[in-house]
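As structure tokens, the structure follows; a few thoughts come after it.
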Amino acid sequence: MELKQKASSTGFRVLFLLDLLLKAPLTKTDMVNELSKNPYVSNVSKETVRLDLNTLKSAGFEIQNLGRGKDYRYKINWSPIKFGITKKELRVLSRTKDAVIKLSDPFYIIKLYKLFEKISKAVEDENAVFELLNFRYFLDINFQILNELYALTNRKKTVLLLYNSPNLGKKEIPVKLKEIKYTGSKLHLIGTSEKYPDNTVLRVDNIVKIIKILSKKEEKELLQKKGARKTSYRINKECKNTMNLLLEEKIIKETFSYIETEVKSDNDFMVIQRLLSFGEDLISIKNKDIKEKYLNMLQNMYEIYNKNKGV
């Protein structure tokens, strides 16, 4: 009788431990504390937990120690327990998934994906697993990054992102986060950045990683609005009759061959667009920083043109 009771209590403890690990990774200390709270479990130590983990491993459960960086937590990567799912049940789950995606709220989409990910580990039918995890466009998104972005957006943080632009390649972009929106069948991150004139709109599936969360000092240095500065440029004299001066501009010199104009603005993007509008009639740019940005813009336009031409 004592042997049966001992076997029964051990089995209960192992099942209780399995339930804990299926919910979240835990350290041995966490496991001891949680097991000790249960009135049906007694005399629990780290050695007891070690033996119970070995019991689960011998039963076919794949258990991983996540190492020092995760405080040596244990996680179940794979379970031998499988169950079938009927077509009706799969249909209900698929409709639930479609309804959540239509809500366009990243929070619920992330939550549902995580739930389906857990369910799929115990489903026998591979086709059913594919259907459960087929979040269409969202399959291209790193859900861990999306989850972090969602939390940081709620806190209105400023971050430095590594972004893979389809046209310009990988580049670092500082962004003060505003919101995440599902528009035009794509998920977009919206914020503000010194690198862009108004809102920064980035496709979430093109975000490679969050490099860092910026401190208040770093945010001020990277995102503070620049004070208005003067830039002078020269254009062909022939443009005088067709040139309409902007409010920010004034002509400071005229010769028989060129007009020198000064523009005062805190918006580099606007200045560069103005310079581009002159095309071949632009002769020179005095400000080195603006000149470099102007040439980079021309180079990018040239590369995009050649790329599209080859398609």
- request: Take Val271 and Tyr294 through the side chain to side chain contact (heavy atoms under 4.5 Å, CB included) test and state the conclusion after the steps.
  value: CA-CA 9 Å; Val271 174; Tyr294 170 82; over 6 Å; no
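- Panel note: side chain Asn287, backbone Ile290; a donor-acceptor pair is recorded below 3.5 Å.
- Across all non-hydrogen atoms, the minimal contact from Thr261 to Ile251 is OG1-CG1, 4.1 Å.
- Ile252 and Ser232 get closest at one heavy-atom pair: CD1-CB, 4.3 Å.
- Placement of Leu298 and Ile235 within a single hydrophobic cluster is found when ILVMFWY residues are connected by side-chain heavy-atom separations under 4.5 Å, directly or transitively.
- Proximity of a side-chain donor or acceptor of Glu34 to a complementary backbone N or O of Met31 within less than 3.5 Å is not detected.
- Between the side chains of Tyr233 and Glu249, at least one donor N or O lies within less than 3.5 Å of an accepting N or O.
- A salt bridge is defined here as a Lys NZ or Arg NE, NH1 or NH2 lying under 4.0 Å from an Asp or Glu carboxylate O, and Glu262 with Lys286 fails to meet this definition.
- Crowding of Lys291 atom NZ: a count of heavy atoms from other residues, nucleotides or ligands under 6.0 Å not exceeding 12.
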- prompt: Run the side chain to side chain contact (heavy atoms under 4.5 Å, CB included) check on Lys70 and Lys75 step by step: do they pass?
  reply: CA-CA 11 Å; Lys70 299 289 184 179; Lys75 175 187 177 184; over 6 Å; no
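- Residues Asn164 and Ile207 form no side-chain contact, since every pair of their non-hydrogen atoms from C-beta on lies 4.5 Å or further apart.
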field: Test log, rule side chain to side chain contact (heavy atoms under 4.5 Å, CB included), inputs Val49 and Leu35
entry: CA-CA 9 Å; Val49 166; Leu35 285 166; 4.0 Å; yes
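- Between Leu214 and Pro174 the shortest heavy-atom distance is CD1-CB, 4.3 Å.
- Within the 4.5 Å cutoff, side-chain heavy atoms of Leu90 are placed close to those of Leu132.
- Rounding to the nearest 0.5 Å gives a distance of 13.0 Å between CG of Leu177 and OH of Tyr150.
- Ile283 forms part of a hydrophobic cluster together with Tyr258, judged by ILVMFWY side-chain heavy-atom separations under 4.5 Å.
- Contact check for Glu172 versus Ile211: side-chain heavy atoms found under the 4.5 Å cut-off.
- Open room surrounds CD on Glu238; 12 or fewer heavy atoms of other groups in view lie less than 6.0 Å from it.
- The same ILVMFWY cluster, assembled from side-chain heavy atoms under 4.5 Å apart, contains both Leu295 and Leu275.
- Between Leu56 and Leu18, some side-chain heavy-atom pair lies under the 4.5 Å cut-off.
- With contacts defined as side-chain heavy-atom distances shorter than 4.5 Å, the pair Tyr74/Thr27 does not qualify.
- Hydrophobic clustering of Ile, Leu, Val, Met, Phe, Trp and Tyr side chains at less than 4.5 Å, counting indirect connections, unites Ile213 with Val175.
- Both Leu146 and Leu115 belong to a single network of hydrophobic side chains, linked directly or stepwise wherever heavy atoms of I, L, V, M, F, W or Y lie under 4.5 Å apart.
- Taken from CZ in Phe278 to CZ in Arg234, the straight-line distance is 14.5 Å, to the nearest 0.5 Å.
- Placement of Ile76 and Leu51 in two distinct hydrophobic clusters is found when ILVMFWY residues are connected by side-chain heavy-atom separations under 4.5 Å, directly or transitively.
- Environment of NZ in Lys28: crowded, with over 12 heavy atoms of neighbouring residues, nucleotides or ligands closer than 6.0 Å.
- Here the closest heavy-atom approach between residue Glu280 and residue Asn236 is recorded as O-ND2, 4.2 Å.
- With a 4.5 Å cut-off on side-chain heavy atoms, Val44 and Asn33 do not count as touching.
- Within the structure, every pair that satisfies the side chain to side chain donor-acceptor pair (under 3.5 Å) test and touches residues 52-63, not counting sequence neighbours, is listed here: Arg13-Asp52.
- Side-chain contact check for Tyr163 versus Lys170: every heavy-atom pair is 4.5 Å or farther apart.
- The two atoms that bring Ala128 and Ile85 nearest to each other are CB-CG2, 3.6 Å, heavy atoms only.
- Atom OH of residue Tyr113 and atom CG of residue Leu133 lie 5.0 Å apart, to the nearest 0.5 angstrom.
- Under the 3.5 Å distance criterion, with hydrogens and angles disregarded, a donor-acceptor pair is assigned to the side chains of Ser94 and Glu131.
- Around CG of Asn43, the count of heavy atoms belonging to other residues, nucleotides or ligands within 6.0 Å does not exceed 12.
- Here Ser36 pairs with nothing under the side-chain hydrogen bond (donor to acceptor under 3.5 Å, both in side chains) rule; sequence neighbours left out.
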Side chain to side chain contact (heavy atoms under 4.5 Å, CB included) assessment of Leu17 paired with Leu53: CA-CA 8 Å; Leu17 182 61; Leu53 288 173; 4.2 Å; yes
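- The side-chain hydrogen bond (donor to acceptor under 3.5 Å, both in side chains) test applied to Glu47 returns Arg50, not counting sequence neighbours.
- Between Ile173 and Leu160, every side-chain heavy-atom pair lies at or beyond the 4.5 Å cut-off.
- Note that NZ of Lys176 is 10.0 Å distant from NZ of Lys178, once rounded to the nearest 0.5 Å.
- With sequence neighbours left out, the salt bridge (Lys or Arg N to Asp or Glu O under 4.0 Å) criterion links Asp71 to Arg73.
- Note that CD1 of Ile285 is 11.5 Å distant from CD of Glu292, once rounded to the nearest 0.5 Å.
- At distances below 3.5 Å, at least one donor-acceptor pair connects side-chain atoms of Lys237 with backbone N or O atoms of Thr255.
- The CG atom of Leu189 lies 11.5 Å from the CG atom of Asn206; values are rounded to the nearest 0.5 Å.
- Under the ring pair (Phe, Tyr, Trp, His ring centres under 6.0 Å) criterion, Tyr72 pairs with no residue, sequence neighbours left out.
- Under a 3.5 Å cut-off, the side chain of Lys46 and the backbone N or O of Thr29 do not form any donor-acceptor pair.
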